[in-house]
There are 2 protein chains.
Amino acid sequence: MITLTEENYIKAIYHLGSNGDTSVNTNAIAEVMQTKASSVTDMIKKLSEKNYADYKKYQGVTLTEAGRVVAVNIIRKHRLWEVFLVEKLNFSWDEVHEVAEHLEHIKSEKLINQLDAFLEFPKHDPHGDPIPDKEGNFQHIEKIILAKAEVGSTYKCVGVDDDSSSFLKYLDSNKIALGTIITIKHREPYDNSIKIALENTEIVVSQNVAKNLYLKKV
Amino acid sequence: MITLTEENYIKAIYHLGSNGDTSVNTNAIAEVMQTKASSVTDMIKKLSEKNYADYKKYQGVTLTEAGRVVAVNIIRKHRLWEVFLVEKLNFSWDEVHEVAEHLEHIKSEKLINQLDAFLEFPKHDPHGDPIPDKEGNFQHIEKIILAKAEVGSTYKCVGVDDDSSSFLKYLDSNKIALGTIITIKHREPYDNSIKIALENTEIVVSQNVAKNLYLKKV
DNA sequence: AATAAAATTTAGACTAGTCTAAAAATATTT
DNA sequence: AAATATTTTTAGACTAGTCTAAATTTTATT
Ligand SMILES: [Mn+2]
Ligand SMILES: [Mn+2]
Ligand SMILES: [Mn+2]
Ligand SMILES: [Mn+2]
């Protein structure tokens with residue numbers, strides 16, 4: 001039996017370790033879990049005892065295969081619920097994350113598989129992130145960050161790295177959505193801001209924005 | 001801020017006290033909460049401090065108006081999710097209760113009101129129980145228990161008192177569903193079993209069954 | 001290589017919710 | 001009205017998850 005808190009720590013470790021590949025620091029976990037390092041130490045000991053994580057004192061933590069299975073399953077649930085909220089309940093993409101944080105912990109195989117079918121097996125969530133299937137498989141999406149796009153080329157927006165409400169609302173107000181086509185006009189060396197062309201307008205976005213928007217060449 | 005456990009105790013008190021009217025015993029709560037009387041005492045003290053309940057030592061507990069609001073809201077969520085599971089995700093009526101026990105604790109006004117709209121404002125859940133609206137209002141359903149139905153009369157099945165999977169599956173296997181029309185043929189004085197006529201067949205049901213099926217005269 | 005800084009762990013305490021065992025209050029029976 | 005049985009409460013202990021403060025280990029700087 002796994003607790004809600006354990007699930008959240010496992011998810012955090014998974015995301016921080018680039019999908020379970022690399023070792024994760026105590027402080028980094030404390031940061032995203034909004035807790036203290038000492039609490040993290042206690043928890044990773046527990047995850048280690050339960051065989052969800054490999055942990056050596058002072059050396060950081062990685063997920064075991066069992067831990068990765070848990071993480072992927074929670075991510076599947078999170079993203080499917082996000083699709084449900086947007087597609088069926090008329091939520092906007094900046095409103096879904098918080099609610100999905102709760103829904104992702106509902107434990108019912110049948111519920112999530114039926115939800116998947118009801119949504120017609122979506123491949124991406126409202127932020128462009130891939131949705132793992134029942135077996136936990138999902139394809140890596142080919143994408144680069146706007147900050148590294150080349151001037152003169154044309155791209156399609158395919159995802160965001162920051163799914164905070166304020167960032168998503170910023171994109172809305174600038175008419176940028178998933179699927180929007182943009183052309184890179186100019187990179188300003190002074191502050192790394194970038195001028196991009198949309199359908200009708202040109203806008204300048206900050207480095208901050210450029211680091212959080214994913215593109216794919218078209 | 002109210003915890004999941006507090007919500008469950010409030011719901012139990014509401015149901016045990018016939019929707020918040022009468023005083024509820026410590027032992028009765030312990031029974032439905034699957035816990036010990038001493039734990040219940042601790043919790044009702046806490047609910048009392050938080051003004052969800054009125055409590056005098058050794059005298060049982062009742063809900064305050066605030067407590068009743070909480071209870072009705074959880075019941076609204078529980079029943080709406082049950083409808084969703086049956087109508088949209090192809091659950092059968094004996095599978096929904098357990099999952100709804102978890103979903104009912106998701107805290108989002110928008111979620112539940114949009115779900116309500118998505119389901120087109122259902123008035124009853126899959127077990128015939130009324131669904132409170134956004135303001136907490138719901139009409140009492142006119143119904144009697146099969147055990148007290150009169151021999152010779154014809155009724156429509158409108159609800160169940162026991163929503164355990166085994167009882168609901170029993171009804172399924174005897175072709176009894178909500179809306180089914182039955183006629184009372186005979187009440188056996190020896191064991192209070194009742195012979196009822198369905199569309200094509202006659203069956204005898206035990207007193208146990210007769211106490212858990214609600215009818216409305218047609 | 002020594003020292004300082006940063007990261008991590010340990011020790012001990014706190015809350016929510018639970019338990020057992022014993023004490024107190026209430027209800028029932030004689 | 002007393003004795004007995006039942007119900008309820010209290011006292012004290014336990015677990016999960018958290019915290020602060022202090023100790024330890026690792027990393028960076030001189
Ligand atoms: Mn999200
Ligand atoms: Mn997402
Ligand atoms: Mn139910
Ligand atoms: Mn129901």
Side-chain angles (χ1 to χ4, degrees), chain A residues 1-17 22-63 66-67 70-71 74 101-102 104-107, chain B residues 1-17 22-63 66-67 70-71 74 101-102 104-107:
Chain A
M1 201 253 354
I2 190 166
T3 69
L4 185 147
T5 312
E6 287 166 354
E7 287 188 342
N8 281 332
Y9 273 94
I10 289 172
K11 190 176 52 149
I13 295 168
Y14 182 86
H15 281 132
L16 285 167
T22 62
S23 176
V24 179
N25 295 332
T26 301
N27 272 352
I29 299 170
E31 164 92 33
V32 317
M33 291 298 293
Q34 300 263 67
T35 186
K36 303 291 159 162
S38 55
S39 305
V40 173
T41 302
D42 286 345
M43 181 54 82
I44 59 190
K45 277 180 187 167
K46 202 172 129 198
L47 293 178
S48 180
E49 269 162 29
K50 289 193 173 187
N51 280 307
Y52 292 121
D54 289 320
Y55 167 59
K56 292 233 172 52
K57 270 194 203 176
Y58 296 100
Q59 301 310 131
V61 66
T62 52
L63 291 181
V70 170
I74 296 170
E101 285 291 305
H102 298 286
E104 71 186 7
H105 299 289
I106 301 290
K107 287 171 185 62
Chain B
M1 201 257 350
I2 190 167
T3 70
L4 185 149
T5 311
E6 287 166 354
E7 287 187 342
N8 280 332
Y9 273 94
I10 289 171
K11 189 175 55 147
I13 296 167
Y14 181 87
H15 281 132
L16 286 167
T22 62
S23 176
V24 179
N25 295 332
T26 301
N27 272 350
I29 298 170
E31 164 92 35
V32 318
M33 291 298 294
Q34 300 264 66
T35 186
K36 302 291 160 160
S38 54
S39 305
V40 173
T41 302
D42 287 345
M43 181 53 83
I44 59 190
K45 276 180 186 166
K46 201 172 129 196
L47 293 179
S48 180
E49 269 162 29
K50 289 193 174 188
N51 280 308
Y52 292 122
D54 290 319
Y55 166 59
K56 291 231 173 54
K57 269 192 203 175
Y58 296 101
Q59 300 311 131
V61 66
T62 53
L63 291 181
V70 169
I74 297 171
E101 286 292 306
H102 298 285
E104 70 186 7
H105 299 289
I106 302 289
K107 287 170 185 61

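Letters go in sequence order (proteins before strands), and every chain restarts at 1.
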Whole angstrom value for the distance that separates C1' of D:dA16 from CE of A:M1: 10 Å
Looking at the base of D:dT8, is there any donor atom on it, or on the side chain of B:S38, that sits under 3.5 Å from an acceptor on the other one? no
Rounded to whole angstrom units, what separation is found between the NZ atom of A:K56 and the C1' atom of D:dT24? 19 Å
I want to confirm an ordering. Mapping A:T3 and A:K57 to their closest nucleotides on DNA chain D, which one lands closer to the 5' end? A:T3
Could you check which of D:dT18, C:dC19, C:dA7 has an atom nearest any side-chain atom of A:N27? C:dA7
Between D:dT9, D:dT24, D:dC19, which nucleotide gets closest to the side-chain atoms of A:Y58? D:dT24
Please report the distance, rounded to the nearest Å, between CE in A:M43 and C1' in C:dT10. 17 Å
Measure from the side chain of B:K36, starting at C-beta and using heavy atoms only, and say which of C:dC19, D:dT9, C:dT26 lies closest. C:dC19
For B:K45 and D:dT10, what is the distance between atoms NZ and P respectively, to the nearest whole Å? 4 Å
What are the two closest non-hydrogen atoms of B:T26 and B:A37, and how far apart are they? CG2-O, 3.6 Å
Are OP1 or OP2 of D:dT9 and a side-chain N or O of B:T41 less than 4.0 angstrom apart? yes
Taking only side-chain N and O atoms of B:Y55, does any of them lie within less than 4.0 angstrom of OP1 or OP2 on D:dT9? yes
Taking the side chain of B:T5 as heavy atoms from C-beta outward, which of C:dT18, D:dT8, C:dT10 is closest to it? C:dT18
Give the nucleotide from the list C:dT26, C:dT18, D:dT8 with an atom nearest to the side chain of B:Y9. C:dT18
Check step by step if side chain to side chain contact (heavy atoms under 4.5 Å, CB included) holds for B:N8 and B:E104. CA-CA 10 Å; B:N8 280 332; B:E104 70 186 7; 3.5 Å; yes
Measure CG/B:N25 against P/D:dT6 and give the value in whole Å, please. 15 Å
So, for B:Y9 and B:T35, which heavy atoms are closest and what is the spacing to 0.1 Å? OH-CG2, 3.6 Å
Which heavy atom of A:A12 sits nearest to which heavy atom of A:V32, and what is that distance? CB-CG2, 3.6 Å
Can you tell me if B:S39 touches the phosphate of C:dC19, counting only side-chain N or O atoms and a distance under 4.0 Å to OP1 or OP2? yes
